[in-house]
Amino acid sequence: MAAVRLPDGRELLVEPGEKARDVAEKIGQRLARDAVVAKLNGKLVDLDAPLDGGGEFEVVTKGSAEGLEVLRHSTAHAMAQAILEMYPGSKLTIGPPIENGFYYDMEVAGRITDEDLPRIEEKMREVVERDLPIERQQVTKAEVESLYEGNQYKQEIICDLEEGDITVYRQGEFFDLCRGPHVPSTGRLGAFKLQNIAGAYWRGDERNQMLTRIYGTAWPTEKELKAYLRRLEEAKARDHRKIGRDLKLFTFSPDVGAGIPLFLPRGEALRHLMEGYVREVQERHGYQHVWTGNLANEALYAKSGHLEHYLDDMFPPMVDGETRYRLKPMNCPSHMTLYNTEAHSYRDLPLRYAEFATLYRYEKSGVLTGLTRVRALTQDDAHVFCTEDQVQEEFGRALEIIREVLDTYGFEDYKVRLSLRDPDSGKFVADDEKWARAERALRDALDAAGIAYEPVAGEAAFYGPKADFMARDVLGREWQLSTIQVDFIQPGRLGCEYIGEDGNSHTPVLLHRAVTGTTERFMAVLIEQYGGAFPLWLSPVQAVVIPVADRHLEYAYKVREALSAEGFRVEVDDALSSMQKKIRENARQKIPYLLIVGDAEAEEGTVNVRQRGKKVQEAVEIEEFAGRMREEIASCDSYRRR
RNA sequence: GCCUGAGUAGCUCAGUGGUAGAGCAGCCGCCUUGUAAGCGGCAGGUCGGGGGUUCGAAUCCCUUCUCAGGCUCCA
């Protein structure tokens, strides 16, 4: 007789024909009730699965990560069943669990709009009430092909499957080609809510048929569902588009153009502070700043390869007689042109050119979002010309800069993606040997720095692989911020050379890197991270002086002058409203310090300090307050800490 | 670009074929205030733009612009 070993080391004998469910019941009634699936020898199986072979056994409940995934997957099936019943003739494609929920892509017979979602949910609840047993069935390729006659999507999936390993899950009339596992019956689903409808191309390829995708979320209990929905609501309050408007940082206007952010004074101040900080760090690390304008001759991009590989992302040309100009989509060709204005010796290398340049990229209209995806973007870009031997050191230097800056901003939640080429795509310059060298250089440098990364094919730049630092926005979307790229291709194309120790001419390797990525996107992520409450050194307005009554205005201006003279950004709220209202308004603007001044303060030469988020009042002499601010700034700016 | 929605005053939003509304912001007065909205008045709109249906359109239809969410987390 076989035996299973439980996580606590206990062993249980398994009678022939006994199922996972039976063992769960032997372990405990309550566990059996909470079980959704089981794990046998590390593999998830249905509760109906026989345990004849025995092995490592574990019961998986809804509460666990794996159990939740199963729950969500099964909820997707219930939704598919509901939709098939309501829209007969619809064709199923795929419906996986995802973070926090699930989706299902299908070709719907008819049209589903947002208003239909509650009705579909209703039907799903019906499916749950029927408590249909969910059964796994092993089928042959021929059988499943005939089940899906007329469904070209499933046929395509079936094509790639191995005979002998094909299963179909059934619940009542409904069936779906599926690897499983699933909860034992539709009555075992938890709380769910359908969220939104979206179009999705079959297999994500825009040349394919557009399918209807419905997103939903699912949780073990109603309480957890509610909590999740509340978290979503709270995230919306931190959305940089909302805060950007409320704090008067930036705006957009169709009169100017989609994807072109317009910065108001406070937003510009923020940009300036962000860029100034990176500039300081870069200069300390031996980078030199250059400026190469906004337009360039198209011929330059023909040489660099952009015209061939990056055309779709460039704005159409401006034609001036024989010359065609392009808005600059990248700085590299311009920086290489700068490099070429002089002859270089190996002694000059590495040469590091940095530029805060606004670039223009023709993003497809549908992908523009707030400041995270724009058409006018300011990169904190730099290009390091070096010898192949210097790549690792320069990579390490770039990494150090990036880590220092992310650390200053208190960023911890990011991951590193190694963006590689997809050899089957025509997007990338073809030169296997150079790609291999570039990739090796990147991997070596990442390993040397002890950085964990995840390789992703197809995300590279057309001229080389990249290490990208990815962060998430409040809605959970991932965005690329910092990047370091190794380029063995462009310098040769643009004729960059240096004379080596051997007296011969060589082609330098080009390192492309950006610290915050783009000012716009990084600002978006910063706004969301801080919820608009920027640290003092980064606040566009650091303090607002609020007079108790009009007769204190004169003193309020004196306070401002005194603090401005010390380099602080201070304003006086001299509107015609009450002091209470000014406190409210400026608190909503997330101003770090409100300085209330009335008779007592004017007499004693003090300010009454109200710190953001706190209600304590404290009279402090102006000079002492300035000193406190200086101290606070020094403590939250890692650069000054050094 | 494509799918599904949305677009009404500076902002947040009501208004489902019959005289365009509210709150906040703005402007003008009054109040001169001690830690998150003082009081009163006034003004503000080509209902995103264009076209159509209708006696009559913010409302229905077409078109266009902009915005939001999504477009392999793979049975």
Side-chain angles (χ1 to χ4, degrees), chain A residues 69 72-73 76-77 92-105 108 111-117 144 148 153-154 156-161 165-169 176-180 195-215 236 239 241-242 245-246 248 251-259 312 362-370 458 475-478 546-553 575-589 594-601 608-611 614-619:
Chain A
E69 233 178 77
R72 287 168 179 157
H73 194 181
H77 276 212
L92 301 182
T93 70
I94 62 169
I98 55 174
E99 196 176 349
N100 298 322
F102 59 90
Y103 69 77
Y104 213 113
D105 281 353
V108 176
R111 214 181 72 154
I112 298 182
T113 70
D114 292 342
E115 283 116 58
D116 299 317
L117 294 184
V144 73
Y148 282 110
Y153 313 104
K154 289 288 192 190
E156 212 178 302
I157 294 165
I158 295 164
C159 249
D160 299 334
L161 296 180
D165 191 24
I166 304 177
T167 52
V168 163
Y169 276 77
D176 197 3
L177 169 67
C178 184
R179 176 167 47 200
Q195 292 169 294
N196 45 36
I197 303 182
Y201 296 103
W202 170 236
R203 301 212 181 233
D205 188 330
E206 64 185 19
R207 288 164 301 193
N208 287 343
Q209 171 79 31
M210 170 75 66
L211 304 168
T212 301
R213 171 174 298 183
I214 300 182
Y215 282 93
K236 276 189 199 150
D239 192 311
R241 291 163 296 193
K242 177 174 161 49
R245 191 173 45 237
D246 291 349
K248 304 189 179 88
T251 186
F252 289 88
S253 166
D255 294 337
V256 172
D312 290 347
Y362 191 71
E363 300 286 355
K364 286 188 283 186
S365 61
V367 304
L368 300 172
T369 16
L475 298 179
R477 293 175 296 205
E478 237 178 27
I546 296 176
V548 171
D550 285 357
R551 66 173 182 280
H552 308 118
L553 262 173
L576 266 173
S577 44
S578 67
M579 179 204 71
Q580 280 90 339
K581 185 161 183 172
K582 289 178 185 179
I583 289 172
R584 179 180 155 91
E585 291 307 317
N586 287 291
R588 296 228 282 198
Q589 290 289 310
L594 303 185
L595 308 176
I596 319 294
V597 295
D599 291 330
E601 288 77 14
N608 204 296
V609 180
R610 182 183 169 122
Q611 193 176 1
K614 297 188 180 144
K615 284 189 175 168
V616 290
Q617 303 168 36
E618 189 188 6

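To find a chain, count down the sequence lines: A is the first, B the second, and so on, and within it residues start at 1.
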Give [X] one of three labels, base, sugar-phosphate or nothing, depending on what nucleic acid heavy atoms sit under 4.0 Å from its own.
{"X": "S253(A)", "result": "nothing"}
{"X": "Q580(A)", "result": "sugar-phosphate"}
{"X": "D599(A)", "result": "base"}
{"X": "D165(A)", "result": "base"}
{"X": "K154(A)", "result": "sugar-phosphate"}
{"X": "I94(A)", "result": "sugar-phosphate"}
{"X": "R207(A)", "result": "nothing"}
{"X": "S365(A)", "result": "base"}
{"X": "T369(A)", "result": "sugar-phosphate"}
{"X": "N586(A)", "result": "nothing"}

Would you indicate which nucleotide in [options] comes nearest to any side-chain atom of [X]?
{"X": "R584(A)", "options": "rG34(B), rA36(B), rG1(B)", "result": "rA36(B)"}
{"X": "I166(A)", "options": "rA75(B), rG1(B), rA36(B)", "result": "rA75(B)"}
{"X": "A198(A)", "options": "rA36(B), rG70(B), rG1(B)", "result": "rG70(B)"}
{"X": "A600(A)", "options": "rG5(B), rC73(B), rG34(B)", "result": "rG34(B)"}
{"X": "R213(A)", "options": "rU72(B), rA25(B), rU33(B)", "result": "rU72(B)"}
{"X": "L576(A)", "options": "rC31(B), rC71(B), rC73(B)", "result": "rC31(B)"}
{"X": "R179(A)", "options": "rA75(B), rC2(B), rG69(B)", "result": "rA75(B)"}
{"X": "K615(A)", "options": "rU32(B), rC73(B), rA36(B)", "result": "rA36(B)"}
{"X": "K364(A)", "options": "rG1(B), rC74(B), rU12(B)", "result": "rG1(B)"}
{"X": "K581(A)", "options": "rU32(B), rA37(B), rA75(B)", "result": "rA37(B)"}

Any non-hydrogen side-chain atom of L92(A) less than 4.5 Å from a side-chain atom of L177(A)?
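L92(A) vs L177(A): side chains apart.
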[X] side-chain N/O to [N] phosphate OP1/OP2 under 4.0 Å:
{"X": "R111(A)", "N": "rG5(B)", "answer": "yes"}
{"X": "R551(A)", "N": "rU33(B)", "answer": "yes"}
{"X": "S578(A)", "N": "rG38(B)", "answer": "yes"}
{"X": "R241(A)", "N": "rG69(B)", "answer": "yes"}
{"X": "Y104(A)", "N": "rU72(B)", "answer": "no"}
{"X": "R245(A)", "N": "rU12(B)", "answer": "yes"}
{"X": "R610(A)", "N": "rA36(B)", "answer": "yes"}

With a 4.0 Å cut-off on N to O distance, would you call [X] and [Y] a salt bridge?
{"X": "R241(A)", "Y": "D239(A)", "answer": "yes"}
{"X": "R111(A)", "Y": "D116(A)", "answer": "no"}
{"X": "R179(A)", "Y": "D165(A)", "answer": "no"}

task = Looking only at non-hydrogen atoms, find the nearest pair between N586(A) and L594(A) and report the distance.
result =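 Here N586(A) and L594(A) meet closest at CB-CD2, 3.5 Å.
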Side-chain donor/acceptor of [X] to base of [N], under 3.5 Å:
{"X": "N608(A)", "N": "rU35(B)", "value": "yes"}
{"X": "Y201(A)", "N": "rG1(B)", "value": "yes"}
{"X": "D550(A)", "N": "rU32(B)", "value": "yes"}
{"X": "E601(A)", "N": "rG34(B)", "value": "yes"}

Worksheet item: Which nucleotide, in any strand shown, forms a Watson-Crick or G-U wobble pair with rG26(B), with both distances under 3.5 Å?
Response: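 By the stated definition (distances under 3.5 Å), rC42(B) pairs with rG26(B).
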rC73(B) - base-pair partner by Watson-Crick or wobble geometry, distances under 3.5 Å
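Base partner found: none.
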- Query: Taking atom C1' in both rA9(B) and rG45(B), what distance in whole Å separates the two?
  - Reply: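 So the two C1' atoms sit 6 Å from each other.
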- Query: Which whole number of Å gives the distance between the P atom of rC65(B) and that of rA57(B)?
  - Reply: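 That atom pair is separated by 26 Å.
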- Task: Check whether NZ of the Lys or CZ of the Arg R72(A) lies under 6.0 Å from the centre of the six-membered ring of F102(A) and within 45 degrees of that ring's axis.
- Result: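 The answer is no; the distance or angle limit is not met.
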Practice problem: Find the distance D255(A):CG to rG7(B):P and express it as a whole number of Å. | Solution: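 Rounding to the nearest Å, CG of D255(A) and P of rG7(B) are 20 Å apart.
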